[in-house]
Amino acid sequence: MKNNELIRENYTEYSLNELEQDCWNRLVTGASKSRNPFHTPSVATISKGEVSMRTVVLRKALPLERELRFHTDIRSTKWDELIMNPSISALFYDAEDRIQLRIKGKATLNHKNEMTAKAWETTSLSSRKCYLTLHSPSSFADASTSGLSEDIEQENFTLAESKAGYTNFGIVSIQIQSIDWLWLNHAGHRRAFFDYSDGSFKWMIP
Ligand SMILES: Cc1cc2nc3c(=O)[nH]c(=O)nc-3n(C[C@H](O)[C@H](O)[C@H](O)COP(=O)(O)O)c2cc1C
């Protein structure tokens with residue numbers, strides 16, 4: 001194969017329904033493959049009229065439920081922002097396939113429930129570390145620090161000790177309201193809008 005271009009999908013031939021299915025295939029793959037570009041979306045929240053963005057790891061994409069999930073520390077700023085205002089947006093871009101998804105939805109916060117218990121069980125020791133800082137994420141420190149004790153930093157802790165982190169472990173579940181799909185193409189871009197609030201799928205001018 002001379003050129004990657006030859007094996008790229010030609011999305012001009014897709015119907016709206018096929019494109020929507022393609023969005024979900026990409027999200028499901030993004031959640032399961034750590035090297036996939038859809039694995040680490042930017043997620044935006046609103047706090048007192050100001051926008052905050054950050055990168056998160058996409059942990060689950062559920063097509064039937066039209067739901068996305070990511071894990072976070074319930075002491076983090078975003079958690080409080082979402083309590084105040086559940087509006088949330090997630091931005092994905094696959095540079096190779098030149099596909100952007102702009103997703104809007106409402107967040108539901110999960111803490112110490114069946115969903116978090118199940119996810120915590122399969123959370124590795126190194127990921128559990130993130131929930132074991134003595135002080136809350138975003139608190140200021142006197143010097144450069146991970147916020148972890150030396151033992152925990154070196155992963156010298158037992159599974160039982162790591163359970164303390166469960167208290168700080170939360171799952172943000174995004175109920176998707178719309179997906180704005182954009183494909184960049186040299187002969188002319190393409191754009192579509194999937195609105196789950198009224199069930200309409202529409203083409204847009206890019
Ligand atoms: C590649 C990458 C993945 C990240 N994944 C997560 C994540 O899944 N959950 C999370 O809370 N923070 C994650 N972070 C850290 C956030 O981007 C952010 O810095 C932190 O959560 C504080 O955000 P907040 O102050 O808005 O709450 C990640 C950062 C990077 C660079």
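Just follow the structure's listing: the first ligand is 1, and inside any ligand the first atom is 1.
- More than 12 heavy atoms of other shown residues, nucleotides or ligands fall within 6.0 angstrom of atom CZ in R191.
- Using a 4.5 Å heavy-atom threshold, the side chains of K78 and F70 count as touching.
- Counting only heavy atoms of the protein, atom 9 (N) of ligand 1 lies nearest to H71 O, 2.7 Å.
- In this structure, of L82, V57, T55, T72, the residue bringing a heavy atom nearest to atom 29 (C) of ligand 1 is T55.
- The N/O atoms of R59, backbone and side chain alike, include none that comes under 3.5 Å of an N/O atom in ligand 1.
- The protein heavy atom nearest to atom 19 (O) of ligand 1 is R54 CB, 4.6 Å.
- Between the side chains of T12 and N10, at least one donor-acceptor pair of N or O atoms lies under 3.5 Å.
- Under a hydrophobic-cluster definition in which Ile, Leu, Val, Met, Phe, Trp and Tyr are linked whenever side-chain heavy atoms come within less than 4.5 Å, directly or via other members, I83 and I174 are assigned to the same cluster.
- Looking only at protein heavy atoms, the nearest one to atom 24 (P) of ligand 1 is K78 NZ, 3.7 Å.
- Distance remark: protein heavy atom present below 4.0 angstrom from atom 21 (O) of ligand 1.
- Taking the six-membered ring where tryptophan is involved, the planes of Y131 and F169 are perpendicular, since the angle between them exceeds 60° and thus also 30°.
- The pair E81-R54 counts as a salt bridge, with a side-chain nitrogen and a carboxylate oxygen less than 4.0 angstrom apart.
- Atom 25 (O) of ligand 1 has its closest protein heavy atom at S138 OG, 3.3 Å.
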